[in-house]
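Here the structure is a predicted model, which means the values were calculated and not measured.
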Amino acid sequence: MNRNIIRLVVVGLVGAFWCHCSSGPRPSELLKADELVLDQTSMVRAMKAAPDHAKASQKYHKLAEEAFESGDKDECVYYSTLAAVKFSTALEIAKRQDAEKRLKEATKRLKIAQKEKESNEKIQADATKRIARMEKIMELQKSTTHLEARQEISGHLASAKSNIQAAEALDAAKHDSVNLNSAKTFVVQAEKALEEKRFKDASDLAKMAVDKAVLATANAKKLFAREKKATDLLKEREQLFSEANNIHGLIAKQEKRGVVLTLYDLFAGGKVRVLPERTYLLDKIGALAKKYPDYPLMIEGYTDSWGKDATNLVLSQGRAQAVLDYLVQNQQVDFNQIRASGYGEANPIADNSTHAGRAKNRRVEVIFLFR
């Protein structure tokens, strides 16, 4: 029995001695430190980002290895933990640096993108402005084109109405009613087309109205000429023009349609009453009309382009009518010999953009129609 006890004691002491001399299993802390420090890729990254921490981790790992080899577990765990902490710190610094680098690059890209955005927004804004300007220009051009078209058509219509009035004064209703009625019909159709903004149709119809009215006038003149010798007629026309041209204060000219007398400054601004100091001109015209009763009189009123079209049309008609009334009432000109119409700003003879031009356009024309 004593031998067995002694044998067991000896075996236990030997085992204890071998356990004390052997390193045994590696602690988890050392294993973790091994995993971190011995990873070459991570070590290179750690050394680049935080060399002090990386070297410290290698130092502590070596001390942990030595403690493990010497069997000092506490020292091994302590240095293993320090090695892991230092290495982890180095890796965190590396991560932070990577993050800062990415942030810097992202910030740089953001700035570039912002500049590109600002540049694109500027380009877009400029393009929008250009488009707006082009649209405005196109609208103005369209408006100007429409205005020019209206003015042109209004001129044709005024000419058509003037020629119709002349034809009627020359008894075209009796001598050529077909062309006269066609002219009137075309005027109505042209005015309707103008109202509906069918400018091409309105222009064509107004021109056809002029052609028909001129033809009716010509036919009426032919019949009158047959009744009177051509030589006598020409002589009489020359005499009429000569006498009209001698009236001081008006402008006389001889046209194909007749002798045209142009009068200025008959009225105060915006008024339709003949100024007393200008009535002497109408007295001389009245005397001339009575001397040449075979020449129908047409009185046409015109304005400049300032103001509304409708207002100018009414003003010109009122002034033409005022001249007619004066000649009939004060000079006893035969009412059947005279007609009056106002055409507003149609048929300008000067530039309406200047003061002098507008003054020339504000006029009254008295036409002694040739027959």
Side-chain angles (χ1 to χ4, degrees), residues 155 158-159 161-163 165-170 214 217-218 220-221 224-225 228 230-267 274-304 316-317 319-351 356-371:
S159 179
K161 292 177 181 179
S162 178
N163 280 285
Q165 184 168 265
E168 289 177 333
L170 297 173
V214 168
T217 300
K221 286 181 179 180
F224 181 80
K228 200 165 188 175
T231 55
D232 294 340
L233 191 59
L234 290 174
K235 185 177 179 180
E236 185 178 78
R237 290 177 178 177
E238 289 296 332
Q239 182 64 32
L240 169 60
F241 174 70
S242 178
E243 293 183 29
N245 198 37
N246 287 329
I247 300 176
H248 179 70
L250 55 75
I251 298 174
K253 57 183 177 180
Q254 188 168 335
E255 297 180 353
K256 187 175 181 180
R257 57 177 175 167
V259 176
V260 181
L261 310 181
T262 304
L263 298 92
Y264 295 102
D265 302 322
L266 282 181
F267 306 92
V274 180
L275 293 171
E277 63 269 24
R278 303 293 285 172
T279 56
Y280 76 93
L281 290 171
L282 300 185
D283 292 336
K284 293 182 180 295
I285 293 173
L288 204 61
K290 287 185 288 185
K291 184 175 180 179
Y292 296 92
D294 288 337
Y295 292 80
L297 258 67
M298 281 178 52
I299 302 170
E300 297 181 348
Y302 297 96
T303 68
D304 58 33
S316 64
Q317 179 63 51
R319 288 178 171 178
Q321 187 64 42
V323 173
L324 182 150
D325 293 342
Y326 185 91
L327 293 175
V328 171
Q329 296 171 11
N330 295 76
Q331 286 297 316
Q332 287 74 51
V333 176
D334 185 358
F335 180 78
N336 295 318
Q337 185 186 352
I338 188 168
R339 287 172 172 78
S341 292
Y343 298 105
E345 58 192 68
N347 297 334
I349 58 174
D351 187 356
R358 292 192 295 274
K360 286 185 177 181
N361 289 331
R362 294 191 298 268
R363 69 194 189 279
V364 172
E365 293 182 353
V366 178
I367 304 104
F368 285 79
L369 291 173
F370 288 157
R371 300 190 64 172

Enquirer: When rounded to the nearest 0.5 angstrom, what is the spacing between OG1 in Thr279 and CD in Glu277?
Expert: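 Separation between the atoms: 8.0 Å.
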Enquirer: What are the two closest non-hydrogen atoms of Leu266 and Leu263, and how far apart are they?
Expert: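 Closest heavy-atom pair between Leu266 and Leu263: CD1-CB, 3.9 Å.
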Enquirer: Is it true that a side-chain atom of Lys284 and a backbone atom of His248 form a donor plus acceptor pair closer than 3.5 Å?
Expert: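 Absent.
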Enquirer: For Tyr280, I'd like to know if atom OH has over 12 heavy atoms of other residues, nucleotides or ligands within 6.0 Å.
Expert: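 Yes, enclosed.
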Enquirer: Work out which heavy atom in Gln331 is nearest to a heavy atom in Ala287; give both atom names and the distance.
Expert: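 It is OE1-N, 4.0 Å.
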Enquirer: Show your working on side chain to side chain contact (heavy atoms under 4.5 Å, CB included) between Leu234 and Phe370 and close with a plain yes or no.
Expert: CA-CA 10 Å; Leu234 290 174; Phe370 288 157; over 6 Å; no
Enquirer: Using 0.5 Å steps for rounding, measure from the CZ atom of Arg363 to the CG atom of Leu261.
Expert: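 Result: 13.5 Å between the selected atoms.
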Enquirer: Where is the tightest heavy-atom contact between Ala346 and Ala158, given as atom of each residue plus distance?
Expert: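 Minimum heavy-atom separation between Ala346 and Ala158: CB-CB, 3.7 Å.
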Enquirer: Does some side-chain heavy atom of Phe368 sit less than 4.5 Å from a side-chain heavy atom of Leu297?
Expert: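 Result yes, sub-4.5 Å side-chain heavy-atom pair found.
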Enquirer: Kindly say whether Asn361 contributes a backbone atom to a donor-acceptor pair with the side chain of Asp304 at under 3.5 angstrom?
Expert: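 Such a contact is absent between Asp304 side chain and Asn361 backbone.
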Enquirer: Carefully, step by step, assess Phe267 and Val274 under the rule side chain to side chain contact (heavy atoms under 4.5 Å, CB included).
Expert: CA-CA 5 Å; Phe267 306 92; Val274 180; 3.7 Å; yes
Enquirer: I need the minimum non-hydrogen distance between Val259 and Ala244, along with the two atoms involved.
Expert: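 So the two residues come closest at CG1-CB, 4.1 Å.
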Enquirer: Could you give the distance from NZ (Lys256) to OG1 (Thr217), rounded to the nearest 0.5 Å?
Expert: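 Between Lys256 NZ and Thr217 OG1, I get 10.5 Å after rounding to 0.5 Å.
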Enquirer: Who passes salt bridge (Lys or Arg N to Asp or Glu O under 4.0 Å) against Lys360, sequence neighbours left out?
Expert: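 Result, salt bridge (Lys or Arg N to Asp or Glu O under 4.0 Å) vs Lys360: none returned.
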Enquirer: Atom CG of Asp283 and atom CZ of Arg278: how far apart are they, to the nearest 0.5 Å?
Expert: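 So the CG of Asp283 and the CZ of Arg278 are separated by 12.5 Å.
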Enquirer: Looking only at atom types and distance, does a side-chain atom of Thr303 sit under 3.5 Å from a main-chain N or O of Ser316, one as donor and one as acceptor?
Expert: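 No, the answer is negative, given that no donor and acceptor are paired below the 3.5 Å cut-off.
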Enquirer: Side chain to side chain donor-acceptor pair (under 3.5 Å) for Tyr292 and Glu236? Distances and angles first, verdict last.
Expert: CA-CA 9 Å; Tyr292 296 92; Glu236 185 178 78; over 6 Å; no
Enquirer: Where is the tightest heavy-atom contact between Leu369 and Tyr295, given as atom of each residue plus distance?
Expert: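 For Leu369 versus Tyr295, the nearest heavy atoms are O-CD2, 3.0 Å.
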Enquirer: Are there over 12 heavy-atom neighbours, none belonging to Lys235, within less than 6.0 Å of that residue's NZ?
Expert: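 Atom NZ in Lys235 is not packed in, count stays at 12 or less.
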Enquirer: Is there a donor-acceptor pair closer than 3.5 Å between any side-chain N or O of Arg319 and the backbone N or O of Gln317?
Expert: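 No, because the side chain of Arg319 does not come within donor-acceptor range (under 3.5 Å) of the backbone of Gln317.
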Enquirer: With no hydrogens and no angle check, is any side-chain donor or acceptor of Gln337 less than 3.5 Å from a backbone partner on Ala289?
Expert: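 Yes, because the side chain of Gln337 sits within donor-acceptor range (under 3.5 Å) of the backbone of Ala289.
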Enquirer: As an exercise, state the distance from CD of Glu243 to CG of Leu288, rounded to the nearest 0.5 Å.
Expert: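 So the gap between those two atoms works out to 5.5 Å.
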Enquirer: For the residue pair Val323 and Ile299, what are the closest heavy atoms and their distance?
Expert: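 For Val323 versus Ile299, the nearest heavy atoms are CG1-CD1, 3.7 Å.
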Enquirer: As an exercise, state the distance from CG of Leu282 to CG of Asn330, rounded to the nearest 0.5 Å.
Expert: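 Separation between the atoms: 8.5 Å.
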Enquirer: Between Ser162 and Glu300, does a side chain to side chain contact (heavy atoms under 4.5 Å, CB included) hold up when you go through it step by step?
Expert: CA-CA 8 Å; Ser162 178; Glu300 297 181 348; 2.3 Å; yes
Enquirer: Mark yes or no for whether Arg237, through its side chain, and Arg371, through its backbone, hold a donor-acceptor pair below 3.5 Å.
Expert: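 Flag set: sc Arg237 to bb Arg371 pair under 3.5 Å.
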